[in-house]
There are 2 protein chains.
Amino acid sequence: MSIDPLDLEAQICFPLHAASRAVTQAYGELLSESGLTYPQYLVMLVLWQAEQPLTVGELGERLRSDSGTLTPVLKRLEGSGRVARRRSTEDERKVLVSATPEGLRLREELKPVPQKLASLTGLGPDELEQLKGLLGRIMESIDLRS
Amino acid sequence: MSIDPLDLEAQICFPLHAASRAVTQAYGELLSESGLTYPQYLVMLVLWQAEQPLTVGELGERLRSDSGTLTPVLKRLEGSGRVARRRSTEDERKVLVSATPEGLRLREELKPVPQKLASLTGLGPDELEQLKGLLGRIMESIDLRS
DNA sequence: CGTCATTCAATTGTGCACAATAGAGTCGTG
DNA sequence: CACGACTCTATTGTGCACAATTGAATGACG
């Protein structure tokens, strides 16, 4: 009696999908007070680390996301005053995105988020590293295919 | 010199989110010929295993999804002839969902999908089990919080 | 029997993912 | 300079996720 390979749990798809949604939701609760959504938080993480304004393309590269997804997210962040967008003067195709002072202030406010979430997962540091390693290998393997 | 806890990769959020999207996309390519999207495939997986028609609530329980997400997915599956929906006669609040013959035929057509995807991840069986284990523990831990 | 809380699915509204396309701007080549 | 290929962002359209609300149906209780 072998396991049905079409079983919902037998494939990697469902656990990965469900866990991702659950974690997104958990972040959402931690972020709700700041008014950020989870994908908006990811954008801010990148901007907080950047020394200079980034183009939409550079943001997309780091977040593995394209302009069709990023543009509306950036517009909402601009609307809530967390981000500034301006056309590059030297190449007017490019749009430079940077955190506003209000956006930078959020960085302090949200400092405890990573630790809170790590504890919510119920996994230890070693296990989190192991998980990140496995996910990273999947990303690599799928990327190679193209 | 410690790692910045706000680094994009240092938190579990981004690797999990990105890997989930990448795997969803990979399934999408494997499923494109059948005309199913990835969430529609998840619904079919559950229906293929069910001996009887399931209510929307039962589907949502297995897929950890609510009617706001499921109803439009089911309507599209109904529109493409893969699924039948009818009100229960004994409790008219319930909608019973079942696979049509065409929906059952897809099961045969899509049998090679799990194996193909497993190989796309580049992980061995042991590692996939390990990954599912870690993801399962996260789900449990987050569920307990409620 | 009538009332009321509960159970269900559907609907509404907001936001994200992504493919395809459009359209402005840039650059190399002749 | 003129032309064509390329780069880059924005837009459009489809589909999913999820919170909140609606409204019908059920069932328990007095």
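It should be emphasised that the depicted structure is a prediction, and the values quoted were computed from it without experimental measurement. Protein chains get the first letters and strands the later ones, always in sequence-line order, with residue 1 at the start of each.
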salt_bridge(A/Glu108, A/Lys111) N-O dist < 4.0 Å: yes
Using OP1 and OP2 only, check whether a side-chain N or O of A/Thr71 sits under 4.0 Å from D/dT11. no
Nucleotide C/dC8, atom P - distance to CG of B/Leu96 in whole Å: 12 Å
In sequence, state the C-alpha distance, the side-chain angles, and the governing distance for A/Lys132 and A/Glu129, and then conclude on salt bridge (charged side-chain N to carboxylate O under 4.0 Å, His left out). CA-CA 5 Å; A/Lys132 279 189 273 180; A/Glu129 279 311 309; 3.0 Å; yes
Considering every strand and a 4.0 Å limit on heavy-atom distances, what is the contact class for A/Thr69: base, sugar-phosphate, or nothing? base
Whole-Å distance, B/Leu77 CG to D/dG15 P, equals 11 Å
Does the distance from a Lys or Arg side-chain N to an Asp or Glu carboxylate O, for A/Glu78 and A/Arg85, drop under 4.0 Å? yes
Is the phosphate of C/dT11, meaning OP1 or OP2, less than 4.0 Å from a side-chain N or O of B/Lys75? yes
Any side-chain N or O of B/Gln25 below 4.0 angstrom from OP1/OP2 of C/dC18? yes
Closer than 4.0 Å, any side-chain N/O of A/Arg85 to the OP1 or OP2 of D/dA10? yes
Between D/dA25 (C1') and B/Asp91 (CG): distance, integer Å: 7 Å
Given atom CD of A/Glu90 and atom P of D/dT7, what is their separation to the nearest angstrom? 18 Å
Whole-Å gap separating C1' (D/dG13) and CG (A/Asp66): 14 Å
Shortest non-hydrogen pair, B/Tyr38 vs A/Phe14, comes out as OH-N, 3.9 Å
Give a yes or no on whether a donor-acceptor pair under 3.5 Å exists between the nucleobase atoms of D/dT7, that is its base, and the side chain of A/Arg93. yes
Want to settle it: does B/Gly68 or B/Thr24 sit nearer the 5' end of DNA chain C, counting the closest nucleotide to each? B/Gly68
